[in-house]
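Okay, structure first, notes after.
It should be emphasised that the depicted structure is a prediction, and the values quoted were computed from it without experimental measurement.
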Amino acid sequence: MATRWGICSAGKISNDFTVALKSLPPEDHQVVAVAARKLEDAQEFAKKHSISRAYGGYEGLARDPDIDVVYIGVIHPYHLSTCLLFTNAKKNVLCEKPLAMNTKEVKEILASAKRNNVFLMEAVWTRFFPVSVEIRRLLAQGEVGEVKMVRSEFCLPLKHVARSVQKELGGGTMLDLGIYCLQFTCMVYNGEKPECIQATGVCMETGADETVVVTLKFSNNRLAVFTCSSGLELPNDAVIAGTKGIIKIPDHMWCPTTLVVNGKETRYPVPEPYLPINFINSTGMRYEAEEVRQCLLKGLKESAVMSHADSILLAEVEDEVRRQVGVVYKQDCQ
């Protein structure tokens with residue numbers, strides 16, 4: 001039986017996720033319906049992707065009995081209300097990152113999923129790429145000895161994009177880009193909570209963070225440092241340095257297709273898209289989709305690779321980074 005997907009929002013990321021789903025076997029994954037705030041947007045999306053049902057507003061999708069799981073691609077200030085709509089309708093959910101605006105909201109979403117006995121996962125797609133799977137295998141085998149330092153960066157000029165700049169749209173580089181560096185660090189250090197968080201940054205006139213540098217200290221004197229920015233471009237690599245060697249993602253650390261282990265390079269290409277995509281390597285969202293399918297087949301309510309505890313940890317560190325840099329969203333005051 002195919003996993004039957006409903007797509008919530010007809011924006012750019014939903015387009016790419018739907019294209020990614022089509023790179024998987026149709027007997028495993030089917031897109032049954034799409035919902036958008038405006039019916040005409042949903043109808044246009046449905047026509048483009050050959051989806052049989054289109055809903056104006058999200059309630060129709062929540063009531064649709066033929067949906068196994070909903071992918072939520074709305075902008076993050078709306079993740080809380082949208083997640084609650086679908087979890088309360090007893091729908092399984094894959095929600096785009098960041099799961100919510102702060103820890104309080106994340107815990108509210110997770111509590112609702114638990115209360116309604118449904119599967120829910122934050123769509124940290126990077127964790128499911130073959131490169132990430134291989135990194136976890138290498139670390140478990142002790143390939144580079146004891147890890148002492150993790151360094152990463154994700155910096156792209158995005159100040160022309162309203163949702164990257166405007167606070168009411170969830171603007172700010174920590175939640176948009178920094179989350180990738182943070183999740184990478186947390187993956188390498190096995191979901192351990194840092195002992196010390198030091199952050200400094202520069203904010204835009206809107207009050208959203210533009211560039212942030214974060215240093216994390218973990219137990220046994222292990223460190224991590226990352227830089228994120230929506231105002232400039234860097235090589236966007238990631239490095240794991242251990243007592244016996246180095247693992248490096250040379251570029252596109254958020255959607256990696258190349259891995260260098262002690263100087264030896266291996267490539268893990270993603271499939272070509274059948275329709276144009278908005279973001280690089282977007283067909284790599286197929287890996288998180290397949291993880292969701294496998295979890296549902298096993299009757300699981302969360303993924304061991306991107307667990308509820310992982311989502312809480314990300315939110316807690318993000319909150320502390322924003323506090324130190326001085327970024328306050330209206331959701332923090334409610």
Side-chain angles (χ1 to χ4, degrees), residues 97-100 102-107 109-111 113-114 120-129 131-154 174-175 177-201 212-228 237-249 253-254 256 259 261 288 291 295 300-325:
K97 38 63 55 189
L99 183 53
N102 55 33
T103 306
K104 181 172 161 285
E105 287 194 351
V106 165
K107 286 181 173 175
I109 289 169
L110 297 177
K114 203 162 199 166
L120 188 135
M121 186 175 90
E122 183 174 6
V124 180
W125 63 315
T126 318
R127 283 216 177 174
F128 304 94
F129 272 64
V131 164
S132 299
V133 175
E134 179 64 4
I135 286 172
R136 291 194 293 273
R137 188 187 72 80
L138 291 167
L139 293 176
Q141 283 188 348
E143 186 72 22
V144 292
E146 188 192 352
V147 175
K148 289 292 189 183
M149 169 65 82
V150 180
R151 181 185 63 71
S152 58
E153 59 192 36
F154 190 0
M174 182 62 228
L175 292 189
L177 307 181
I179 187 172
Y180 286 105
C181 301
L182 177 58
Q183 77 78 25
F184 182 76
T185 300
C186 293
M187 180 186 82
V188 172
Y189 287 139
N190 267 324
E192 188 180 312
K193 197 167 183 173
E195 293 176 348
C196 176
I197 301 167
Q198 289 184 309
T200 186
V212 177
V213 181
V214 180
T215 308
L216 304 169
K217 187 179 181 185
F218 293 83
S219 62
N220 301 319
N221 294 323
R222 295 169 302 153
L223 297 167
V225 61
F226 68 82
T227 308
C228 54
D237 61 345
V239 176
I240 303 166
T243 50
K244 293 184 189 168
I246 286 184
I247 296 171
K248 184 172 184 181
I249 298 173
M253 61 77 60
W254 71 99
L259 188 63
V261 183
E288 65 179 358
E291 170 74 5
C295 287
L300 300 175
K301 303 305 174 191
E302 61 181 299
S303 161
V305 180
M306 187 60 216
S307 68
H308 292 179
D310 290 328
S311 289
I312 291 170
L313 177 59
L314 291 183
E316 286 175 343
V317 178
E318 287 157 7
D319 284 359
E320 178 57 21
V321 168
R322 288 194 298 109
R323 188 190 69 77
Q324 292 185 26
V325 175

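Here the shortest heavy-atom pairing between Ile197 and Gln324 reads O-NE2, 2.8 Å. Taking all atoms of both residues into account, the shortest heavy-atom contact from Ala238 to Ser152 is CB-CB, 3.9 Å. For the residue pair Ala315 and Val106, the shortest heavy atom distance occurs at CB-CG2, 3.8 Å. What you find for Ser307 and Glu302 is that their closest heavy atoms are CB-OE1, 3.4 Å. Across all non-hydrogen atoms, the minimal contact from Phe226 to Gly178 is CE1-O, 4.0 Å. The shortest heavy-atom contact between Ala199 and Val325 is CB-CG2, 4.1 Å.
How far CD of Glu143 is from CD1 of Ile135: 12.0 Å, rounded to the nearest 0.5 Å. Atoms CD1 and CD, from Ile179 and Glu318 in turn, are 4.5 Å apart once rounded to the nearest 0.5 Å. Rounding to the nearest 0.5 Å gives a distance of 8.5 Å between CD1 of Ile246 and NZ of Lys248. Remark: Ile109 CD1 to Ser311 OG distance equals 9.0 Å, nearest 0.5 Å. One distance of note links CZ of Arg127 with CD of Glu288; it measures 12.5 Å at 0.5 Å rounding. Between atom CE of residue Met306 and atom NZ of residue Lys97 there is a gap of 11.5 Å, rounded to the nearest 0.5 Å.
Aromatic ring pairs are classed by plane angle as parallel below 30°, tilted from 30° to 60° and perpendicular above 60°; the pair Trp254 and Phe154 is parallel.
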One pair to check against side chain to side chain contact (heavy atoms under 4.5 Å, CB included): Arg151 and Asp237. What are the steps and the verdict?
CA-CA 8 Å; Arg151 181 185 63 71; Asp237 61 345; 3.2 Å; yes
Side chain to side chain contact (heavy atoms under 4.5 Å, CB included), that's the test. Do Cys186 and Asp310 meet it? Break it down for me.
CA-CA 8 Å; Cys186 293; Asp310 290 328; 6.0 Å; no
Could you please spell out the steps behind the side chain to side chain contact (heavy atoms under 4.5 Å, CB included) verdict for Leu120 and Leu99?
CA-CA 10 Å; Leu120 188 135; Leu99 183 53; 4.2 Å; yes
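Applying the side-chain contact (heavy atoms from CB on, under 4.5 Å) test between Ile240 and each of Val147, Leu138, Thr185, Ile249 identifies Val147 as the sole match.
At least one side-chain heavy atom of Leu314 sits less than 4.5 Å from a side-chain heavy atom of Glu122. Taking the side chain as every heavy atom from C-beta outward, Met149 and Val225 approach each other to under 4.5 Å. Arg136 has its side chain out of reach of Leu139: every pair of non-hydrogen atoms, C-beta onward, lies at least 4.5 Å apart. With contacts defined as side-chain heavy-atom distances shorter than 4.5 Å, the pair Met121/Cys295 does not qualify. Residues Thr126 and Gln183 meet the side-chain proximity criterion, which asks for heavy atoms closer than 4.5 Å. Residues Val124 and Met187 fail the side-chain proximity criterion, which asks for heavy atoms closer than 4.5 Å. Between Thr215 and Pro194 the shortest side-chain heavy-atom distance does not fall below 4.5 Å. With contacts defined as side-chain heavy-atom distances shorter than 4.5 Å, the pair Leu216/Val317 qualifies.
Side chain of Thr243 to backbone of Glu146: a donor-acceptor contact under 3.5 angstrom is found. Panel note: side chain Arg322, backbone Met174; no donor-acceptor pair is recorded below 3.5 Å.
With sequence neighbours excluded, no residue forms a side-chain hydrogen bond (donor to acceptor under 3.5 Å, both in side chains) with Lys107.
Under a cut-off of 6.0 angstrom, the local environment of CD in Glu195 is crowded, with over 12 non-hydrogen atoms contributed by other residues, nucleotides or ligands. No more than 12 heavy atoms of other residues, nucleotides or ligands lie within 6.0 Å of NZ in Lys193, so this atom counts as exposed by the packing criterion.
A salt bridge links Arg222 with Glu192: the closest approach of a Lys/Arg side-chain nitrogen to an acidic carboxylate oxygen falls below 4.0 angstrom.
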